[in-house]
Amino acid sequence: MEIKRTMEIKEGKKWVETYADTVPATVYASLSHDLIAKKINGCTYIQTIKRTQNYDGTITITVNYNNDTRSVYTVAE
């Protein structure tokens, strides 16, 4: 099972990958930072957080920021 964080930037109507991280400790640290910032601190730079079930033992969490970038996390369920 692959744990991964991908940073993407929007160019036109497409999302282009700019950064990828597969170290579980940094992926989970970044995800927890985003969730705490949005849900506890009520930040405004995170627009949406969306969770999608993959049915292979993983979930995808997409965090959209207000500067046409997003983080796509694939983590264990």
Side-chain angles (χ1 to χ4, degrees):
M1 175 174 358
E2 184 179 13
I3 297 172
K4 183 178 178 182
R5 173 186 179 216
T6 305
M7 287 292 299
E8 299 176 346
I9 189 165
K10 193 168 191 176
E11 292 182 357
K13 293 185 178 185
K14 290 188 172 189
W15 289 98
V16 178
E17 182 178 319
T18 59
Y19 171 78
D21 185 9
T22 58
V23 178
T26 58
V27 171
Y28 282 114
S30 179
L31 177 59
S32 66
H33 176 269
D34 285 346
L35 293 174
I36 289 170
K38 181 64 176 177
K39 297 300 180 181
I40 295 176
N41 298 334
C43 74
T44 57
Y45 66 89
I46 296 177
Q47 292 180 327
T48 61
I49 298 176
K50 181 181 174 188
R51 180 185 187 273
T52 306
Q53 183 72 39
N54 296 331
Y55 300 105
D56 63 353
T58 63
I59 57 173
T60 299
I61 300 171
T62 305
V63 180
N64 290 311
Y65 305 103
N66 65 356
N67 59 352
D68 286 337
T69 60
R70 71 180 181 183
S71 290
V72 180
Y73 299 92
T74 303
V75 296
E77 184 177 20

Colleague: With a 4.5 Å cut-off on side-chain heavy-atom distances among I, L, V, M, F, W and Y, is there a chain of contacts connecting V63 to I9?
Modeller: no
Colleague: Ignoring hydrogens and geometry, is there a side-chain-to-backbone donor-acceptor pair from S30 to T26 under 3.5 Å?
Modeller: no
Colleague: Can you tell if the side chain of V72 reaches within under 4.5 Å of the side chain of W15, non-hydrogen atoms only?
Modeller: no
Colleague: Side-chain heavy atoms nearer than 4.5 Å, only ILVMFWY residues, links allowed to pass through others: does that put I61 and V23 together?
Modeller: no
Colleague: Could you list the donor-acceptor pairs under 3.5 angstrom formed by side chains in residues 36-51, with sequence neighbours left out?
Modeller:
unit_1 : atom_1 : unit_2 : atom_2 : d
K38    : NZ     : I46    : O      : 2.9
T48    : OG1    : N64    : ND2    : 2.9

Colleague: Mind checking whether V27 and V75 have side chains closer than 4.5 Å, heavy atoms only?
Modeller: yes
Colleague: Taking the side chain as every heavy atom from C-beta outward, state whether M7 and R5 have any atom pair closer than 4.5 Å.
Modeller: yes
Colleague: Looking only at heavy atoms, what is the nearest atom pair of E17 and E8, with distance?
Modeller: CA-CG, 4.1 Å
Colleague: Donor-acceptor check, side chain of D56 to backbone of T58, threshold 3.5 angstrom: yes or no?
Modeller: yes
Colleague: Quick one, E77 and Q53 - any side-chain contact, counting heavy atoms below 4.5 Å?
Modeller: yes
Colleague: Working to the nearest 0.5 Å, report the span between OG of S71 and CG of L31.
Modeller: 9.0 Å
